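A short worksheet on the structure shown next.
One-based numbering along the sequence shown. Predicted, not measured: the structure shown is a model, and the values here were computed from it.
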Amino acid sequence: MKTISENACFGGTQGVYTHASKVCACDMTFGLFLPEEAAEGPVPLLWYLSGLTCTHENAMTKAGAQTWAADHGIALVFPDTSPRGEGVADDEAYDLGQGAGFYVNATESPWAPHFQMWDYITDELTKLLDHSFALDMERQAITGHSMGGHGALTMAMSLPGRFRSVSAFAPISNPTNSDWGRKQLSAYLGNNEERWAAHDATLLMREKGFDGPILIDTGTSDQFIDLLKPEALAEATAARRQQATLRLQPGYDHSYFFVSTFMEEHVAFHADALYA
């Protein structure tokens with residue numbers, strides 16, 4: 001692992017690091033905010049998974065999350081959204097290829113050699129963080145925006161006991177029934193739609209649910225709301241009688257102005273679970 005930068009930030013440190021990923025077969029970059037409490041011992045960890053076209057940097061610089069994480073003594077990790085670099089497959093469209101990993105393990109050509117984002121997040125990067133930093137990996141929570149909200153919800157429901165809480169900003173909630181999902185899942189996983197179900201939050205809610213609190217915000221003026229399908233997840237959540245707070249925020253769109261507006265509440269929500 002190499003240190004790209006480390007900056008003082010709200011009493012702690014905002015770092016950017018790169019490492020050679022075995023599962024993605026390329027160098028990967030991530031940001032990590034450590035609050036000042038990390039100097040004294042391990043602190044809880046909140047994952048932030050970003051959306052389409054983003055890198056590790058978007059939320060790190062735009063979401064304002066460090067302010068609130070510092071208040072609660074929580075670390076924040078900002079992974080990249082896909083493998084990158086020479087020899088890594090890409091597509092001319094913004095919603096496939098580099099910047100659009102969708103947090104799945106690709107099985108299809110040309111994506112399979114590098115696009116192993118599920119294993120990268122849930123296994124390889126998790127182990128690297130545990131080994132390299134003062135983090136309490138028994139206390140993890142996860143959030144994300146758009147494609148990252150999709151990833152956060154699917155990981156939380158698929159890995160029982162891993163995360164104490166999950167939240168999302170405008171998540172892609174029903175990708176097997178959306179143009180933001182069917183295109184990517186077929187490209188990465190092939191045409192057998194039974195394999196797609198493990199990466200659909202609405203289907204996972206019907207099948208498994210989540211053993212903990214859930215918070216989801218979506219703007220009523222989100223320009224992509226028809227692709228996000230918040231109503232599908234809401235119906236599945238109600239049918240399961242799952243503990244959850246699902247909010248439609250009047251007038252907000254899909255941007256980081258929306259994310260940063262509600263970030264304080266999301267970090268506090270996770271702090272309640274991480275320190276329970």
Do [X] and [Y] belong to the same hydrophobic cluster, where Ile, Leu, Val, Met, Phe, Trp and Tyr are linked whenever their side-chain heavy atoms lie under 4.5 Å apart, directly or via other members?
| X | Y | result |
| --- | --- | --- |
| W47 | V43 | yes |
| M28 | M147 | yes |
| L233 | L185 | yes |
| I142 | I216 | yes |
| W180 | L189 | yes |

[X], [atom1] atom: more than 12 neighbouring heavy atoms under 6.0 Å:
| X | atom1 | result |
| --- | --- | --- |
| E108 | CD | yes |
| F257 | CZ | no |
| Q223 | CD | yes |
| D130 | CG | yes |
| D211 | CG | no |

Pairwise side-chain contact, [X] with [Y], heavy-atom cut-off 4.5 Å (strictly under):
| X | Y | result |
| --- | --- | --- |
| F33 | I74 | no |
| T202 | K229 | no |
| C9 | N7 | no |
| R247 | L215 | yes |
| M137 | L45 | yes |
| R84 | H114 | no |
| Q184 | P175 | no |
| Q14 | F78 | yes |

Mind listing the closest non-hydrogen atom pair of [X] and [Y] along with its distance?
| X | Y | value |
| --- | --- | --- |
| H254 | S146 | NE2-OG, 2.9 Å |
| A236 | R206 | CB-CG, 3.7 Å |
| P83 | M117 | CD-SD, 3.8 Å |
| L153 | I214 | CD2-CG2, 4.5 Å |
| P213 | A273 | CG-CB, 4.4 Å |
| Y103 | S50 | OH-O, 2.8 Å |

In terms of ring plane angle, is the pair [X] and [Y] parallel, tilted or perpendicular, where the classes change at 30° and 60°?
| X | Y | result |
| --- | --- | --- |
| F30 | F133 | perpendicular |
| Y48 | F169 | tilted |
| W111 | Y188 | perpendicular |
| Y120 | H19 | parallel |

Would you compute the distance between atom [atom1] of [X] and atom [atom2] of [Y] and round it to the nearest 0.5 angstrom?
| X | Y | atom1 | atom2 | answer |
| --- | --- | --- | --- | --- |
| D272 | R164 | CG | CZ | 12.5 Å |
| Q66 | T13 | CD | OG1 | 11.5 Å |
| R240 | M205 | CZ | CE | 8.0 Å |
| L129 | Q140 | CG | CD | 8.5 Å |
| F115 | F102 | CZ | CZ | 12.0 Å |
| L227 | D95 | CG | CG | 9.5 Å |

Under the 3.5 angstrom rule, does the side chain of [X] hit a backbone N or O of [Y] as a donor-acceptor pair?
| X | Y | answer |
| --- | --- | --- |
| S158 | M155 | no |
| Q242 | A238 | no |
| D200 | T176 | yes |
| S178 | N174 | no |
| D119 | N105 | no |
| T143 | S167 | yes |
| Q249 | T220 | no |
| Q98 | V88 | yes |

Verify side chain to side chain contact (heavy atoms under 4.5 Å, CB included) between D217 and H266, making sure each step is shown before the conclusion. CA-CA 9 Å; D217 281 311; H266 281 244; 2.8 Å; yes
Aromatic contact between [X] and [Y], with the criterion being ring centroids under 6.0 Å apart: yes or no?
| X | Y | answer |
| --- | --- | --- |
| H199 | W118 | yes |
| F262 | Y252 | yes |
| H145 | Y256 | yes |

Could you go through the side chain to side chain contact (heavy atoms under 4.5 Å, CB included) check for F10 and E36 one step at a time? CA-CA 8 Å; F10 295 102; E36 60 182 344; over 6 Å; no
For D179 and K183, what are the C-alpha separation, side-chain angles and deciding distance, and is it a side chain to side chain contact (heavy atoms under 4.5 Å, CB included)? CA-CA 6 Å; D179 289 343; K183 171 184 176 180; over 6 Å; no
Side chain to side chain contact (heavy atoms under 4.5 Å, CB included) evaluation trace for W196 with L203: CA-CA 10 Å; W196 302 1; L203 301 183; over 6 Å; no
Could you work out, with salt bridge (Lys or Arg N to Asp or Glu O under 4.0 Å) as the rule, every residue matching R182, not counting sequence neighbours?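 In terms of salt bridge (Lys or Arg N to Asp or Glu O under 4.0 Å), with neighbours along the sequence ignored, R182 is linked to E193.
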Candidate pair R162 and T122, rule side-chain hydrogen bond (donor to acceptor under 3.5 Å, both in side chains), full reasoning: CA-CA 9 Å; R162 173 75 66 94; T122 65; 5.3 Å; no
